[in-house]
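Chain letters run A, B, ... following the sequence lines, proteins first, then strands; residues in each count from 1.
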Amino acid sequence: MKNFYLTTAIDYANGSPHIGHAYEKVLADAIVRSRRMEGIPCHFLTGLDEHGQKVQETAERRGLAPQELCDSVALDFQNLCRRLSIGYDDYIRTTEQRHKTVVQNLLQQLHDAGEIYRAPYRGLYSTRAERFVQEREMVNGRWPDDIGEVVEVEETNYFFRLSRHREWLIAFLEKNKNFVVPAFRQRQVLEFLREPLNDLCISRPKVRLRWGIELPFDPDYVTYVWFDALVNYISAVGHGTEAFSQNWPADLHVIGKDILVPAHAVYWPIILHAVGMELPRQILAHGWWLAKGGEKMSKSLGNAVQPLDYAELYGPDAFRYFVLREMTLGQDSNFSHELFLARYRGDLANELGNLLSRLVHMVHRYCGGRFPAAGAAGEEERHLQNLAAETVRIARGFYGNLEFSSALESIFSLLKAANRYAELRAPWKLAREEGRTSELARALATLGEALRIAAGLLIPAIPTAAETILQRIGAGPVADWRNLAWSDALAGAEVGDEVILFPRVEEEDALSPL
RNA sequence: CGCAGGAUGGAGCAGUUUGGCAGCUCGUCAGGCUCAUAACCUGAAGGUCGCUGGUUCAAAUCCAGCUCCUGCACCCA
């Protein structure tokens, strides 16, 4: 059986991890975990894009070899993944030989097929910025300081025949309405394709840029970083080997909205089509995190959220829960400290963490630390059982549809109902009265089972906390949602020590909102 | 200019594809409970769904026009 193959964009090595990188990986990880709960084998790829002008420049400025810089940045990004419980299966780096080989094979294949031609390129070149510039970049008729003096130069380069595949791509997108989600993003792609395409310049002369993959048919050039980067999706899964079809075509590319057009929705499908390969099945373009009040986050404005600070202070699950609960698929969302704390306290600490605390405490105090058997269900129990069954069904549907916010909302409705049920049956009262032990047993067993089901459904979002809950209530692991149903699995189970899952954070200990 | 997104009780958001009693979280007010992380539960107040017009038995949702906010060199999820 082919794996469900999911990728994130590979991060560019000329930068450090920020909330956007963190979000994308959490999203991808949660998708993979939810697929695995449906019994679907998955392959989860992420990685680092290491070539290009910017990396070369930054390395020079710091007096490092480009590879040294990349090695250090790779550690930063891998550390981010580790700290956020991102369970990728493979981490591709574009300087690895397995990648270079595939890039060169693909270039040669395109060249042989007549998809690549050599032509002079005339343009305005800035020595200071070391790139070609456009006239529209002028400000008030003058070039800005970072561009400086500009001269018209002619340079021979290699071009990929994008334009000849435009009609095909339009037809493809019109036939495959769900290629890009959300749907309005696909409409943007079609809008972009209404204009004629320019052929894509895929080379850089080595005199300008050394840090790249050499063209197999001309050693004076390296390939353009976008071409290089996109190929990671096939190089990492062994393009050209037996194993390739185990993963390709990719089932989902998770990317940010900024690199949808033209890179992922135009260049990439056309490159694949030009060599007769299968296209990925779907691209998910997610939105951006904005600072309080909808401002763009940036270091210079000093309003950038540091995901690792949150993961450190509140735990990886709290960060994961917030971003998955708060962002609607494809839209931009705000990340503010107030919003974060509201979710942390209201949902995680009070609704979920406190339910575990009160339940574990009661089982210890009233039942000697072991869940009793539930016995016959009354009306309230049947009501909660039905809601749990319904929640399993609904949440699986939302997960399948990548609607994490709605999935989590439905699971927390179940938790709210469990808290309400506790109030209705009031085991603490039953425990004080004579002859009501069977009612007490029924109440605690019912609460435990509701919590077991909710925890099972929360695994993709908050894997560590969900695992802790299952352990503390003495439940076995939940590995497959297809058989997650109300049961008496907890009867006789020994509960663990009491635990504060999401400790209350006092105002003075909270991260100051910069 | 054009393109895209947004405008829904005090705050933040779902709902719009496929029209059908306006939903969630937080906050506010009143009450309950005491197993629990000052937590949990109940009830209440609070909305002409940006504006105008149209279609319809019925519009937050469809259609037309308009207003305001955001993004659209490069880089950046």
>> Minimum heavy-atom separation for Q53(A) and Y12(A), please, with both atom names.
In response: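 Scanning both residues, the minimum pair turns out to be N-OH, 4.2 Å.
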>> How close do G496(A) and V360(A) get, counting heavy atoms only, and between which atoms?
In response: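 Reported closest heavy-atom pair: O-CG1, 3.6 Å.
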>> Ring centroids only, cut at 6.0 angstrom: are F335(A) and F322(A) within range, meaning strictly under it?
In response: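 That pair passes the under 6.0 Å test.
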>> Using Watson-Crick or G-U wobble geometry with both distances under 3.5 Å, which nucleotide pairs with A44(B)?
In response: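 Paired with A44(B), as far as the under-3.5 Å criterion goes, is U28(B).
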What does [X] touch in the nucleic acid at a heavy-atom separation under 4.0 angstrom: a base, only the sugar-phosphate, or nothing?
| X | result |
| --- | --- |
| I500(A) | base |
| E24(A) | sugar-phosphate |
| A349(A) | base |

Identify, residue by residue, the members of [range] with a heavy atom below 4.0 Å from RNA chain B, and return them in order of residue number, or none.
| range | answer |
| --- | --- |
| residues 424-436 of chain A | W428(A), K429(A), R432(A) |
| residues 361-371 of chain A | H361(A), M362(A), R365(A), Y366(A) |
| residues 177-196 of chain A | F184(A), R187(A), Q188(A), E191(A) |

>> Between P on C76(B) and CH2 on W288(A), what's the gap in Å once rounded to a whole number?
In response: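 One finds 9 Å between P of C76(B) and CH2 of W288(A), rounded.
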>> Suppose we call a contact any N or O donor and acceptor under 3.5 Å apart; does that hold for the side chain of Q331(A) and the base of G6(B)?
In response: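 Check fails, no donor-acceptor contact within cut-off.
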> Between D347(A) and Y12(A), who's closer to the 5' end of RNA chain B by nearest nucleotide?
Replying inline: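 Nearest-nucleotide comparison on RNA chain B picks D347(A).
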>> Judged by each residue's nearest nucleotide on RNA chain B, which is more toward the 5′ side, N14(A) or G346(A)?
In response: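 Looking at RNA chain B, the more 5' nearest nucleotide goes with G346(A).
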> Counting side-chain heavy atoms from CB outward, which of A14(B), C40(B), U37(B) is closest to T328(A)?
Replying inline: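 Minimum distance to the T328(A) side chain belongs to A14(B).
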